[in-house]
Amino acid sequence: MSRHTITVTVNGQSVSREVDARLLLVHFIREELSLTGTHIGCDTTSCGACTVILNGRSVKSCTAFAVQADGGEIETIEGLAQDGTLHPLQEGFWEKHGLQCGFCTPGMIMSAKELLTRNPKPTEEEIRRGVSGNLCRCTGYNKIVEAIEYASAKLQAGDDAGTEEATQ
Amino acid sequence: MTHLDDRFEQHTPAPEGSSENVPTGDEVRITTPSKVCGMGHRMKRKEDPRFIQGKGNYVDDVKLPGMVYMDLVRSPHAHAKILDIDASEALATEGVLAVITGKDLEAAGNLHWMPTLMSDTQMVLPTEKVVYYAQEICAVIATDRYTAADAVEKVFVDYEPLPAVVDPFEALEDKVIVREDKETKTNHIWHWEAGDKAATDAVFDAAAHRVEASIYLPRIHVASIETCGMVANYNKATEHMQIYMTSQAPHAHRTVFALVSGLPEHKIQIISPDIGGGFGGKVPVYPGYVCCAVASLVTGKPVKWIEDRSENLQADSFARDYHMQAEMAADSEGRITGLRVKTLSDCGAADAAANPSKFPAGLYSICTGSYDMKAAHVEVDGVYTTKPPGGVAYRCSFRVTEAVHMIERMTDLMAHEVGEDPAEFRLKNFIKPEQFPYKSPTGWEYDSGNYEAALRKAMKMIDYGALRREQAEKRERGELMGIGISSFTEVVGAGPSRDFDILGIKMFDSAEIRIHPTGKALARFGTKSQGQGHETTYAQIVAEELGLPAADVQVEEGDTDTAPYGLGTYASRSTPTAGAAGAMAARKIKAKARKIAAYLLEVGEDDLEWDVDKWQVKGSPEQAKTIQEIAFAAYTDHPPGMEAGLEATDYYDPPNLTFPFGSYICVVDIDKGTGEVHVRRFVAVDDCGNIINPMIVEGQIEGGLTMGLAPALFEEIVYDENGQNLSGTLADYLLPTAVESPKWELGKTITPSPHHPLGAKGVGESPTVGAPPAIANAVVDALWHLGVRHLDIPITPQKVWQALRDNGVTD
């Protein structure tokens with residue numbers, strides 16, 4: 001089994017590890033880095049519980065090798081809140097009851113984060129399609145959609161306020 | 001941006017179309033201020049901060065020093081003799097610690113068989129033959145999960161294939177016997193019946209109208225996003241077995257483990273940590289769990305076993321698989337008079353259902369539903385086939401989904417037979433509010449209900465009359481639109497213990513509340529949340545009863561070393577049983593608090609009255625002691641002769657089940673070219689009695705509705721003629737996504753349970769029970785004029801397209 005040294009930036013921190021070539025990215029994140037917020041729900045890239053953001057794009061980390069992330073930047077659920085302040089998506093999921101058992105939640109939030117980066121003001125339909133790679137068995141999705149709408153509005157309001165400040 | 005220490009009450013109002021904006025005339029009762037957050041408040045969930053930050057603690061997150069991994073060799077045959085198992089190559093692999101076979105378990109004290117929850121037996125690992133595809137053959141233990149998976153491929157098993165028994169009707173012919181270990185060589189397991197056969201036959205003889213149908217509810221799988229798993233940690237020095245397990249019923253599982261293994265029960269600790277969805281699938285004890293515990297005993301190391309999704313879909317307990325032959329009778333005025341049902345229950349290779357002992361077909365005899373009729377007779381036969389064992393629930397209370405689907409389909413058929421609108425027909429045949437408590441012809445006593453109010457509300461919300469007019473216009477134009485109704489009655493909250501037990505353990509549940517000197521509380525329960533929000537709901541119950549802010553009540557469940565004994569969470573039983581125990585324990589504390597207050601205020605107990613969070617002197621409310629002041633006094637200044645402290649435990653045995661109900665109306669449009677069913681609107685009016693947290697109840701209903709949509713349109717575990725599972729991945733077994741799940745429109749009525757201490761009923765499963773027949777009825781309604789009378793779920797585009805083609809609508 002070939003082993004490789006990889007260096008990745010995870011939630012802003014650079015880490016280097018020697019890993020087996022076949023080590024899945026999700027196992028690297030969960031077991032090597034002990035970031036267990038990223039979950040595993042299937043083995044066919046269907047459920048999205050393992051979604052993280054790799055170099056700005058949402059990726060199902062059960063279907064990527066750790067070595068593929070070498071030199072890249074990874075964001076996981078653990079990196080979202082800053083100094084005890086929740087990200088608007090986390091806030092939205094709590095406020096709108098967008099989670100029940102919580103198992104799909106980190107992957108769902110990371111997919112939503114990438115969606116809002118690409119499309120800051122998605123329609124309801126765009127949100128539904130945007131998270132259609134993430135399965136939730138508890139909520140029936142409506143409150144997830146509301147949570148993402150909440151975050152979108154909050155981020156927009158923040159941006160507008162920022163723009164106003166800059167122009168004044 | 002929200003800081004975590006912000007107050008918990010939900011800041012934003014409910015969105016358009018949700019229950020809060022619908023005038024109900026049934027307002028949620030709130031008696032405490034938002035500072036206290038008792039019943040009725042939309043309290044944001046206390047458990048959420050850890051989940052939204054990736055700090056939950058699920059079984060696969062547990063990492064113990066020196067932990068090793070287990071993986072399982074599984075059978076590629078549904079039915080085969082095992083001639084030989086050669087594990088030498090696996091054992092020679094670096095990092096492999098042990099391989100455990102059925103013969104090893106047999107030598108260790110006949111651990112190769114275990115009891116099921118239905119007092120049948122099931123193999124842990126086989127010694128003679130396998131009886132289902134993906135059956136566990138042997139366990140491989142290795143230093144890491146990759147090595148264990150590699151070693152699984154290096155175990156060589158020599159099989160002699162035997163004919164598979166896939167069709168349960170063929171199984172009854174006993175040409176091939178599935179369970180040769182049994183004394184009686186037959187695949188028939190049991191026969192069960194309820195109701196009065198002679199009275200029912202007489203009603204049918206006298207009937208003016210009769211309809212009949214064959215209705216199949218196929219095998220489905222809960223597919224919680226977290227699969228099952230365990231970390232077993234046996235300490236040889238202390239002889240203590242610590243187990244982290246995906247368990248909906250940790251105490252019951254501890255007792256089962258003690259009985260099976262011979263380990264003393266006080267040396268077994270089961271911790272059910274955060275659970276990533278249960279829905280019934282985490283009630284049974286699976287062979288993998290037993291192997292994992294044995295592996296830790298054998299190796300003396302902590303052993304982790306996490307099944308993958310394919311193992312979960314292929315071998316864990318299924319739900320449904322009921323073949324129902326139903327007949328309904330009505331008189332000349334279109335009143336339902338009787339129901340007669342014969343059902344075949346395909347149990348797979350063991351009767352491993354999770355029903356109460358006396359009810360091999362669960363609560364299926366609730367099948368007269370919401371309708372008043374003279375007589376009913378229900379028969380069910382259980383049969384073995386070479387499929388994985390099961391018969392657990394899929395978010396439903398012991399076979400109620402099967403019962404509701406059947407009665408709601410039959411009611412629609414009869415409405416058409418007598419030429420009445422299905423809504424009007426239901427209104428005419430409902431059990432009337434003044435008939436409660438209602439004794440059903442199969443022996444249930446419904447505690448309360450107002451079915452007409454729920455259906456009328458749903459009809460108003462969706463504007464039923466306008467929909468029927470639209471349908472008529474569309475039919476003129478050749479467009480396919482259907483409207484379906486389901487007016488279901490649920491039966492949840494087992495006990496009472498006189499009727500309900502699992503392996504002899506009575507189905508009560510428990511709560512233990514301790515109030516600390518500074519007025520904060522710890523409350524522990526015998527149930528186990530898998531996403532239902534118990535940490536919030538139970539805290540609100542304590543808040544309601546004692547006036548302690550719900551934010552100050554820490555709720556704990558799932559550790560058998562600390563929580564009081566309980567039967568766990570399934571069948572919508574948590575609020576009806578443990579929630580009631582919480583209220584009763586709080587009332588015991590309140591009674592002691594009254595004595596302490598009387599002592600402190602130097603008045604008689606009878607001079608005091610309760611007000612939200614304090615005992616106050618009648619007519620002189622400024623003389624009062626708050627629950628916090630009383631708590632402090634309980635440890636610092638308690639009355640002479642009284643025990644110090646302020647805590648109580650309650651084991652609650654409900655006097656009856658609770659009977660939630662609702663009326664759902666579904667509108668579908670059907671694509672004539674592809675047969676695809678589009679759910680355009682779905683109004684759900686639910687009545688679960690008094691509501692503890694409306695936000696959580698709405699969440700339970702919306703989630704349950706999507707889990708009702710799923711088997712109605714998408715999900716089925718399919719086997720080929722060799723007993724191979726063709727639905728063994730999430731690419732083959734289709735769960736609805738956010739795209740398929742409609743925008744549910746919720747409404748409510750409130751009919752409190754007359755016997756529950758809080759007037760509450762269960763709610764988590766009502767929508768999964770009620771939704772499928774509403775959808776099926778809507779599809780058949782859309783196709784009725786073409787001659788379609790019934791379609792079995794899942795109603796796939798292929799099935800609809802075939803029906804359209806058979807009736808000349810499409811090429």
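Here is the naming used below: chain letters follow the sequence lines, and residue numbers restart at 1 for every chain.
When the candidates A/Thr44, A/Val145, A/Ile77 are compared by the number of heavy-atom contacts under 4.5 Å with chain B, A/Ile77 comes out ahead. Counting heavy-atom pairs closer than 4.5 Å to chain B, the top residue among A/Thr45, A/Leu80, A/Asn142 is A/Asn142. Comparing A/Arg137, A/Arg128, A/Gln100 by heavy-atom pairs within less than 4.5 Å of chain B, the highest count is held by A/Arg137. Taking chain A as the reference chain and counting heavy-atom pairs below 4.5 Å, the highest number among B/Glu740, B/Arg145, B/Gln530 is found for B/Arg145. Heavy-atom pairs under 4.5 Å with chain B peak, among A/Gly37, A/Gly79, A/Ser34, A/Ser46, at A/Ser46. Between chain A and the residues B/Asn312, B/Val739, B/Leu705, B/Leu313, the most heavy-atom pairs under 4.5 angstrom are made by B/Val739. Annotation: maximal heavy-atom pairing with chain B below 4.5 Å, among A/Cys138, A/Cys101, A/Gly140, occurs at A/Cys101. Contact count against chain A (heavy-atom pairs under 4.5 Å) is highest for B/Pro742 among B/Pro742, B/Gly533, B/Ser224, B/Gly278. Note: A/Cys42 leads A/Cys136, A/Cys42, A/Pro106, A/Gly98 in heavy-atom pairs under 4.5 Å with chain B.
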| task | Check step by step if salt bridge (charged side-chain N to carboxylate O under 4.0 Å, His left out) holds for B/Arg45 and B/Glu535. | result | CA-CA 8 Å; B/Arg45 298 201 323 169; B/Glu535 287 169 48; over 6 Å; no
| said: Under the criterion salt bridge (charged side-chain N to carboxylate O under 4.0 Å, His left out), I'd like the reasoning laid out for B/Arg42 against B/Glu698: C-alpha separation, chi angles, the key distance, then a yes or no. | reply: CA-CA 10 Å; B/Arg42 304 178 67 86; B/Glu698 287 163 19; 3.1 Å; yes
| Derivation of the salt bridge (charged side-chain N to carboxylate O under 4.0 Å, His left out) call for A/Glu149 and A/Lys96 | CA-CA 10 Å; A/Glu149 286 171 341; A/Lys96 293 295 186 180; over 6 Å; no
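Within residues 47-57 of chain A, the residues having any heavy atom under 4.5 Å from a heavy atom of chain B are, by residue number, A/Cys47, A/Ala49. Contacts with chain B (heavy atom to heavy atom, under 4.5 Å) involve no residue of residues 59-71 of chain A. Within residues 10-32 of chain A, the residues having any heavy atom less than 4.5 Å from a heavy atom of chain B are, in residue-number order, A/Arg22, A/Leu23, A/Leu24, A/His27, A/Arg30, A/Glu31.
Using a 4.5 Å cut-off between heavy atoms, B/Gln700 touches chain A through backbone and side chain atoms alike. Residue contact with chain A, scored on non-hydrogen atoms closer than 4.5 Å, involves the backbone and the side chain of B/Ala223 alike. Heavy atoms of B/Met695 lying under 4.5 Å from chain A belong to its backbone as well as its side chain. Within the 4.5 angstrom heavy-atom criterion, atoms from both the backbone and the side chain of A/Ser132 approach chain B. Looking at B/Asp274, neither its backbone nor its side chain comes within 4.5 Å of chain A, counting heavy atoms on both sides. Heavy-atom distances place both the backbone and the side chain of B/Tyr146 under 4.5 Å from chain A. Contact annotation for B/Leu709: neither backbone nor side-chain heavy atoms come within less than 4.5 Å of a heavy atom of chain A. Looking at B/Pro736, both its backbone and its side chain come within 4.5 Å of chain A, counting heavy atoms on both sides.
In summary, the side chains of B/His534 and B/Thr536 do not present any donor paired with an acceptor at a separation below 3.5 Å, with no hydrogens or angles considered. No hydrogens or angles considered: a donor-acceptor pair under 3.5 Å links the side chains of B/Asp144 and B/Thr147. For the residue pair B/Glu702 / A/Tyr141, no side-chain donor-acceptor distance below 3.5 Å is found, with atom types taken as modelled.
Taking CD of B/Gln540 as the start and CG of B/Asn693 as the end, the distance is 4.5 Å to the nearest 0.5 Å. Distance check, rounded to the nearest 0.5 Å: CD of A/Glu75 to OG1 of A/Thr117 gives 7.5 Å. In this structure, CE on A/Met108 lies 5.0 Å from CG on A/Asn134, to the nearest 0.5 angstrom. Summarising the geometry, atom CG belonging to B/Asp71 is positioned 11.0 Å from atom CD belonging to B/Glu307; distances are rounded to the nearest 0.5 Å. Rounded to the nearest 0.5 Å, atoms CG (A/Leu86) and CD1 (B/Ile52) are 4.5 Å apart.
A pairwise comparison of heavy atoms in B/Gly704 and B/Thr768 identifies O-OG1, 3.2 Å as the closest pair.
The distance between the ring centers of B/Tyr58 and A/His39 falls below 6.0 angstrom.
At least one donor-acceptor pair closer than 3.5 Å links the side chain of B/Thr569 to the backbone N or O of B/Lys528. The backbone N or O of B/Asp308 sits less than 3.5 Å from a side-chain atom of B/Glu311, completing a donor-acceptor pair. Under a 3.5 Å cut-off, the side chain of B/Tyr733 and the backbone N or O of B/His221 do form a donor-acceptor pair. With hydrogens and angles disregarded, no donor-acceptor distance shorter than 3.5 Å links the side chain of A/Gln156 to the backbone of A/Ala153.
With B/Val697 as the fixed residue, the side chain to side chain contact (heavy atoms under 4.5 Å, CB included) test singles out one of B/Asp686, B/Thr537, B/Ile691: B/Ile691.
Here B/Thr706 pairs with B/Ser741, B/Trp744 under the side-chain hydrogen bond (donor to acceptor under 3.5 Å, both in side chains) rule; sequence neighbours left out.
At least one side-chain heavy atom of A/His87 sits less than 4.5 Å from a side-chain heavy atom of A/Lys113.
Atom NZ of A/Lys121 has 12 or fewer neighbouring heavy atoms from other residues, nucleotides or ligands inside a 6.0 Å radius.
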